[in-house]
Amino acid sequence: MATVQPVRRNVRHIQPAKRGDQDIPVRTTDKKSPMKQSAGSKHPSENHTRDVVDGQINHELTKARYRSLDLADLMFGHLVTTRLARDILDRFLADGTVTCEEIKPNEDEETRHALNVAYADAVAHACIRSDAPLDEPTPELETTYQWSWPKFPTTPINENKLVAFLNSVADSALSTARSILQDDSLQPRNRFAAPVDKHHAIPLSYEPDGEDMRPDFMVLPLAAFSHDKELEVKEAYVNFTAMLLAGESKSARNAREGLIQVQRYMRGIKRAQPWLSGLERIELSLTDGRGCIEFIRIILGIVLADKKAFGHNPDVEIGERNVSVDIPELRPAATPRTGPNEYASNPGTPYSASIDLPTVDQSSATSSTGSKSGSTSTGSKRGPDDDMIQGKRSKRRKRTVALRAFVPVRVHGRECIGILFTSGSIRGRGTTVYVVVGAEDGKTYFALKTSWQDVARADDQTVVLKKLSEHKPHPNVIIPSKLFDSMAKDGAVYSTLGSIRALLNEEMQQLKVENRILTVTISELWRPVAYFWSPHDFVRGVIGALLGHEYLCEIGILHRDISENNVVLSLCRSGLGALIDFDMAIVGRPNMHQDSAPPPRVSKKEILASLLQPPAPLPASDEPYKAQRTGTTPYMSIGVLRGEPHTHYHDIESFLYVLVLFFLSYKGPLQKETLRRAQAQGFTQPVGAGRLPHVTAWPAMFERWASGTFQEISERKYFALAPASHASFVKDYFPHIRSRWELASQSTAPALADLILDCWMMFSHHDLKVAHSQFIEVLQEWLKQYADEEAYYVYPFDD
């Protein structure tokens, strides 16, 4: 195959996709990545319904959607040149696969002219070769032709007919390419497929509650098909860990609905295959010559491409595993909404194709062809069996299926036990934590974390890790070690916009999207809080994290992302917990927490007396939100939500919300056998497993801490903490504590009520400025007072 010259992006044809974008900022004044309502940092107890997840995906993608008309060339130019696609189109014209209205039979000269016009247009919109002028304008088309694909299925579009059409185009294009290049070594690696089961969701998507997650078509590796002439798809491989692409077929007027659905599929693939990352979109018309050429390049490129072209990280080695999962019946599809000015074209005609594809080293794309659109999606820590509608489990019928799942077996040269955590966002850090085996003894488990760090924050992280290395390790702070250097051998930085999307520095500045570099760290493996064995076990975890946070303040580090995920529990019976994750941390002045003395401790009797006083009004602020707001939304402090400069007091307040929400998130600990099994597996997520069985939905009052604008969430928390609102808080909170914890022990609920009330009123009375020592003292006193209560719980682990 011909050698392709080095290329650079054709930035003239990388344009913002404005459809459906909301007018909200994507950057703060310092151009760091935004604080947003991400679909990737959701707690399993949060509402994960379709509308909620769709809204959060749209929020995080706002003003970050770009249509890249040179994307097919960037991805598949090394496999299918523009010239080769033009010659294939010539053969397709000859055999009737494609027709052109202006060309009559036996008009060779007109055929050549139409092909040359299409070819010139495709070259003008492709990547720029190294020897081409940089400022050469895109030529105007001197003649327009109307092209069509007679065998393209029309409305209503049948899934099987559509897949048959795509495979027919792919097979014909491959056969023609072999003939033109005289190269019989060209072999397909992938193939299009339709879902085998039309009534149940496709498994292993880890998707929103009640979401159907069944794309109309997908691309699977050739191993997923039978070896006979029929090439029938094997149902065991029809799952989100095997998908390379997924798409929806929609008429042009319903294209918006297709885009929304494919975003969910993209998130599903990202969640099931976290070693993939990145997304760009290409839109093309199958009724013009350039669109036909690009369509051929994309279809043939998809069939020929290896894993790397679809974004597979070569440092993650994948294996296959047999798994068995339950999948629910599909919900009725929502009626698409269309407007009078939306995608005006005749329904049922192959008017346009919108395809979201990963660039090199990027995430699995989703596609749609003909009157369809593409994109794909992934959810938080739950699976296809986690159907919950307004806090209640769905009773839809399910069936059990045996699957072949693709799982990581080695990551960065280390044996991989499984995945501990993966983010569900499309845009963001894409954090994934693998559990790997230590190279020294082959037995000790470690947490290996990969994430794409915003370049604007990369220096902060480097300074923080350097600062930590200069001080004596603290028993309650888990310090990671860097494994991967994002600097390439030639000194260039390996980044999302540079190395992956092939943009130059000056071109990056034109995009309103943050640039990211890959960071890989390794650290000790501690126990996630979801695997607590008693309420006291979790409280000891919070005490340890507070001690670790206090130490960080002493050496001049502000954490800025206190959440349940960043508190870990000890592997010893009575050990204290620790604090992890320094992605959002910054360096400040040592002993910053001692700048102002905390208010004196006040008795519960004095606090209760203050309940009769009216609440203070919510302070107004006319200043713009210039501060970088960091954190996980339900745990963010009131001040940070308002845009105040982040201080250690805000972090300590976040610990309060971690404590309050924890006892609403779980209905007692997991069973002893489940906890022991989890320890043996390094607390990794079983493939295909959804939300842990003891997780329960947050009550409506606390669900509102995770939804709405930051100003609305700050007001809700502020008024809940106001002294006059304490009675309402008690009324809303404590019945839920009883319903969740009385099954574990009749005396646990009152004990927890006492703990939460002590802490809540302490923060209320002290105007949210509580010192580490004050908070720790309250927690320690509770452990001492209710020490006998822990006897009702069984310690399951091997120390």
Side-chain angles (χ1 to χ4, degrees), residues 1-5 7 71-100 108 111-112 114-116 118-119 122-123 126-127 129 147-152 162-193 217-233 244-245 282 284 286 289-310 312 353 355 357 360 365 367 369-370:
M1 194 170 292
T3 302
V4 180
Q5 293 178 315
V7 299
L71 182 57
D73 192 33
L74 180 69
M75 283 194 65
F76 303 126
H78 64 295
L79 296 171
V80 187
T81 64
T82 311
R83 181 69 192 190
L84 176 60
R86 182 257 186 218
D87 292 344
I88 294 173
L89 181 59
D90 187 6
R91 300 281 184 91
F92 281 4
L93 271 172
D95 65 19
T97 301
V98 179
T99 62
C100 187
D108 294 342
T111 299
R112 283 195 301 273
L115 287 169
N116 289 336
Y119 177 71
V123 170
C127 293
R129 298 300 182 264
W147 301 72
S148 64
W149 297 72
K151 294 184 180 180
F152 183 85
L162 176 63
V163 168
F165 169 75
L166 295 174
N167 281 327
S168 174
V169 172
D171 293 341
S172 297
L174 180 57
S175 176
T176 305
R178 287 171 178 162
S179 173
I180 293 171
L181 299 172
Q182 297 183 352
D183 184 359
D184 291 334
S185 66
L186 290 178
Q187 296 297 325
R189 289 187 171 97
N190 316 298
R191 192 167 178 81
F192 290 89
F217 66 93
M218 68 201 83
V219 175
L220 298 173
L222 209 57
F225 298 85
S226 63
H227 299 297
D228 53 27
K229 291 184 179 180
E230 299 300 324
L231 287 173
E232 293 184 357
V233 65
L244 299 173
L245 303 172
I282 181 173
L284 51 91
L286 300 186
R290 176 173 64 85
C292 292
I293 287 177
E294 297 297 358
F295 180 63
I296 291 171
R297 297 186 81 183
I298 290 169
I299 296 301
L300 183 55
I302 285 172
V303 169
L304 294 174
D306 59 14
K307 291 181 179 179
K308 185 177 180 181
F310 289 108
H312 181 92
I355 303 181
L357 295 172
V360 179
S367 68
T369 314

For a quick test of reading the model, state the closest non-hydrogen atom pair linking [X] to [Y] and the distance between them.
X: L174; Y: P188; result: CD2-CD, 3.7 Å
X: V233; Y: A193; result: CG2-CB, 4.2 Å
X: V80; Y: G301; result: CG2-N, 4.0 Å
X: G291; Y: L286; result: O-CD2, 4.2 Å
X: V169; Y: I299; result: CG1-CG2, 4.2 Å
X: F92; Y: A173; result: CZ-N, 3.8 Å

Legend entry - Carboxylate-amine/guanidinium contact R91 D95, below 4.0 Å: no

About how many Å separate [atom2] of [Y] and [atom1] of [X], when rounded to the nearest 0.5 Å?
X: I293; Y: L115; atom1: CD1; atom2: CG; value: 7.0 Å
X: Q182; Y: D184; atom1: CD; atom2: CG; value: 9.0 Å
X: W149; Y: C292; atom1: CH2; atom2: SG; value: 5.5 Å
X: T82; Y: L89; atom1: OG1; atom2: CG; value: 12.5 Å
X: D90; Y: R112; atom1: CG; atom2: CZ; value: 9.5 Å
X: L245; Y: M218; atom1: CG; atom2: CE; value: 11.0 Å

Legend entry - side chain to side chain contact (heavy atoms under 4.5 Å, CB included) evaluation trace for R191 with L231: CA-CA 9 Å; R191 192 167 178 81; L231 287 173; 3.6 Å; yes

Using atom types as modelled and distance alone, determine if a side-chain donor or acceptor of [X] lies under 3.5 Å from a backbone N or O of [Y].
X: N190; Y: V219; result: no
X: D73; Y: F76; result: no
X: D306; Y: A309; result: yes
X: R178; Y: L186; result: yes
X: T176; Y: S172; result: yes
X: R189; Y: L304; result: yes

Do [X] and [Y] touch side chain to side chain, with heavy atoms closer than 4.5 Å?
X: I88; Y: L300; answer: yes
X: P150; Y: T99; answer: yes
X: R297; Y: L84; answer: no

Inset, instruction - Applying side chain to side chain contact (heavy atoms under 4.5 Å, CB included), run through R83 and Y119 and close with a yes or a no. - result: CA-CA 7 Å; R83 181 69 192 190; Y119 177 71; 4.1 Å; yes

Inset, instruction - Kindly indicate, with the supporting measurements, whether the criterion side chain to side chain contact (heavy atoms under 4.5 Å, CB included) is fulfilled by Q187 and L222. - result: CA-CA 10 Å; Q187 296 297 325; L222 209 57; over 6 Å; no

Inset, instruction - Assess whether side chain to side chain contact (heavy atoms under 4.5 Å, CB included) is satisfied between L93 and C100, documenting all intermediate values. - result: CA-CA 8 Å; L93 271 172; C100 187; 4.3 Å; yes

Legend entry - Plane angle bin for F217 and F192 - parallel if under 30°, tilted between 30 and 60°, otherwise perpendicular: tilted

